[in-house]
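Here is the structure we will look at, set down as structure tokens.
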Amino acid sequence: MLKFLTMKESAVKKIVVLTSGGDAPGMNAALRAVVRTASHYKIECYGVREGFNGLINDDFTKMGPRSVKNIITEGGTILKSARSLEFKTPEGRKKAYDNCIKHGIDGMVCIGGDGTFKGAQIFCEEFGIHVIGVPGTIDNDIFGTDNTIGYDTALNTAMEAIDKIRDTATSHNRIFFVEVMGRDAGFIALNSGLATGAIGILIPEKKDSIDELFSTFKRAEKAGKASSIVVVAEGEKLGSIYDIAKATKAGFPDYDIRVAVLGHIQRGGSPSCADRVLASRLGYGAVIGLMDGKTNMMVGMQSNKMTYTEIEEAVKKHNEIDQDLLKISEILSI
């Protein structure tokens, strides 16, 4: 159960919040929750533009409840995001620390993925500023939370796009290979493939083979399927989606094969209800965690309960693919 603290009991008095790494729908909702929770507990809050670059460049903006009005519906991040090469150097982090001291900052909320968390962890260990991470990435690959901010929206975007591609596949009796994002994680591919009735789902977590894929096509032919969708995760170890499509064409020369790469469309758009609620809970939990003296930790939701995981553990481990979903997808695909 969360403790309800007062300002007098709080371990922090002035905090910064930043978004870093790849953007994800719901980051603005998390930012809104951080700023308004801080305001409620009379904690000064500053937004930092362009992630860790903003810490180095002293790009701090004081924020209050009105600073974040009407942003809960917006995708992306109003603070902007960037990957900072300079922050990876001791000199860059020292500049960032000096600017934090200049503004009297004693707590930091970092919204992003594992790269963001690694930077925050080093910064915390070097200089002692309290840090809480908020998992914002469409990949859903962060350990310590059932879902990451942006994953649900990206998943629904992928599903809707594949549904539309299926209309064309059915109309022309075509085989479509559809690549979805997720980096080295297959969560979007597995769940969108299951939800759209894909005949095949290729993900990094499963040892796939061309022979196995060909067997799937042969079973589909026997079952009378004239068109098919194969969903491929961008990190699939079998090869690029174009290589897989080329190999399939060589094995089945009569197939009319097309490739669709959904790309960054999955990272944009207004966040889903689930992502807005998740982001609001985690943004609130980040501030409460800082007030309670927690540091070098990530706030997450597990089994609908707020939890805190050490950042080191969150980035070293990864959420595991549900093996039951893999089995179900295979059974239902034909």
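By convention here, the first residue in the shown sequence is residue 1.
- At least one side-chain heavy atom of K294 sits less than 4.5 Å from a side-chain heavy atom of I132.
- No side-chain donor-acceptor contact under 3.5 Å links R267 to the backbone of A24.
- Remark: side-chain polar atoms of N191 are paired, donor with acceptor, to backbone N or O of F187 under 3.5 angstrom.
- With values rounded to the nearest 0.5 angstrom, T295 atom OG1 is found 9.5 Å from E125 atom CD.
- Side-chain atoms of R166 and S227 include no donor-acceptor pair closer than 3.5 Å.
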So E44 and K62, side chain to side chain contact (heavy atoms under 4.5 Å, CB included) or not? Walk me through it.
CA-CA 8 Å; E44 283 190 58; K62 191 169 184 179; 3.4 Å; yes
For a salt bridge (charged side-chain N to carboxylate O under 4.0 Å, His left out) check, start with the C-alpha distance between K164 and E160, then their side-chain angles and the critical distance, and finish with the verdict.
CA-CA 6 Å; K164 292 174 182 177; E160 290 167 9; 5.7 Å; no
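- The minimum heavy-atom distance between L190 and S329, with the atom names listed, is CD1-OG, 4.2 Å.
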From CA spacing to verdict: side-chain hydrogen bond (donor to acceptor under 3.5 Å, both in side chains), R32, N70
CA-CA 9 Å; R32 172 180 178 270; N70 300 328; over 6 Å; no
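- One hydrophobic cluster, built from ILVMFWY side chains closer than 4.5 Å, holds both I331 and I229.
- Rounded to the nearest 0.5 angstrom, K118 NZ and K88 NZ are separated by 9.0 Å.
- Rounded to the nearest 0.5 Å, atoms CG (D98) and NE2 (H103) are 11.0 Å apart.
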Step by step, work out the side chain to side chain contact (heavy atoms under 4.5 Å, CB included) result for K13 and I43.
CA-CA 5 Å; K13 302 292 187 280; I43 295 169; 5.9 Å; no
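- Under the 4.5 Å side-chain criterion, counting only non-hydrogen atoms from C-beta, R276 is in contact with S270.
- Hydrophobic cluster of F87: the remaining members, joined at side-chain heavy-atom separations below 4.5 Å, are V16, L18, Y46, V48, F52, L55, I56, F60, Y97, I101, I105, M108, F117, F123, F127, I129, V131, I142, M298, I311, V315, listed by chain and number.
- M159 and L332 sit in two unconnected hydrophobic clusters of ILVMFWY residues. Membership requires side-chain heavy atoms under 4.5 Å apart, directly or through other members.
- Between the side chain of S81 and the backbone N or O of G21 there is at least one donor-acceptor pair closer than 3.5 Å.
- Smallest separation of non-hydrogen atoms from P271 and G75: CD-N, 4.0 Å.
- Distance check: K80 NZ to D59 CG gives 12.0 Å after rounding to the nearest 0.5 Å.
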Derivation of the salt bridge (charged side-chain N to carboxylate O under 4.0 Å, His left out) call for R183 and E234:
CA-CA 6 Å; R183 205 169 46 170; E234 63 179 343; over 6 Å; no
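- The two atoms that bring A189 and I201 nearest to each other are O-CG2, 3.7 Å, heavy atoms only.
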In sequence, state the C-alpha distance, the side-chain angles, and the governing distance for S84 and N53, and then conclude on side-chain hydrogen bond (donor to acceptor under 3.5 Å, both in side chains).
CA-CA 6 Å; S84 177; N53 281 337; 2.7 Å; yes
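- Heavy-atom minimum distance, S192 versus V231: OG-CG1, 4.0 Å.
- Using modelled atom types, one finds no donor on one side chain facing an acceptor on the other under 3.5 Å when comparing T153 with N156.
- Counting only distance, with no hydrogens or angles, the side chain of T216 and the backbone of E212 share a donor-acceptor pair below 3.5 Å.
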Could you go through the side-chain hydrogen bond (donor to acceptor under 3.5 Å, both in side chains) check for D152 and S272 one step at a time?
CA-CA 7 Å; D152 184 73; S272 66; 2.6 Å; yes
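- Counting heavy atoms from C-beta outward, I72 and N28 have side chains that stay 4.5 Å or more apart.
- One finds the CG atom of N140 at 8.0 Å from the CD1 atom of I188 (value rounded to the nearest 0.5 Å).
- Of the possible donor and acceptor atoms, one in the side chain of T148 sits under 3.5 Å from a partner among the backbone N and O of T137.
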Check the pair R36 / Y284 against side chain to side chain contact (heavy atoms under 4.5 Å, CB included), numbers first and verdict last.
CA-CA 8 Å; R36 291 192 171 177; Y284 165 83; over 6 Å; no
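- Looking only at distances, a side-chain donor or acceptor of D275 sits under 3.5 Å from a matching main-chain atom of G150.
- Residues I162 and F176 fail the side-chain proximity criterion, which asks for heavy atoms closer than 4.5 Å.
- Proximity of a side-chain donor or acceptor of K14 to a complementary backbone N or O of D106 within less than 3.5 Å is not detected.
- Residues L278 and N147 have side chains in contact (heavy-atom distance under 4.5 Å, counting atoms from C-beta outward).
- With respect to D58, the salt bridge (charged side-chain N to carboxylate O under 4.0 Å, His left out) criterion is satisfied by exactly one of K95, R49, K102: K102.
- Listed here is the closest heavy atom pair of S333 and A198: CB-O, 3.4 Å.
- Counting only distance, with no hydrogens or angles, the side chain of E236 and the backbone of L238 share a donor-acceptor pair below 3.5 Å.
- Residues S171 and T168 have side chains not in contact (no heavy-atom distance under 4.5 Å, counting atoms from C-beta outward).
- Judged purely by atom type and a 3.5 angstrom limit, T145 uses its side chain to pair as donor or acceptor with the backbone of M301.
- No single ILVMFWY cluster, assembled from side-chain heavy atoms under 4.5 Å apart, contains both V180 and F177.
- Between the D139 side chain and the D141 main chain, no donor and acceptor come within less than 3.5 Å of each other.
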Can you give the donor-acceptor pairs under 3.5 Å from side chains of residues 244-265 to other protein atoms, not counting sequence neighbours?
unit_1, atom_1, unit_2, atom_2, d
T248, OG1, I244, O, 2.9
K249, NZ, P253, O, 3.0
K249, NZ, Y255, O, 2.5
Y255, OH, E221, OE2, 2.7
D256, OD1, R258, NH1, 2.6
D256, OD2, R174, NE, 2.9

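- A279 and G26 make their closest contact through CB-O, 3.3 Å (heavy atoms, listed as atom of the first residue, atom of the second, distance).
- By the rule that hydrophobic residues join a cluster once side-chain heavy atoms approach within less than 4.5 Å of another member, L282 and M297 end up as members of one cluster.
- In this structure, a donor-acceptor pair under 3.5 Å is absent between the side chains of Y151 and D146.
- A distance of 11.0 Å separates CD1 of I122 from CD of E312, quoted to the nearest 0.5 Å.
- Looking only at atom types and distance, the side chain of T157 has no donor-acceptor partner in the side chain of Q266 under 3.5 Å away.
- Connection of L79 to L290 is established within a shared hydrophobic cluster, with ILVMFWY side chains joined at heavy-atom distances below 4.5 Å, either directly or through further cluster members.
- Counting only heavy atoms from C-beta outward, the side chains of P90 and R93 approach each other to under 4.5 Å.
- Taking 4.5 Å as the limit, some side-chain heavy atom of V287 sits within range of a side-chain heavy atom of I15.
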Apply side chain to side chain contact (heavy atoms under 4.5 Å, CB included) to the pair V299 and T307, showing each step before the final yes or no.
CA-CA 6 Å; V299 61; T307 59; over 6 Å; no
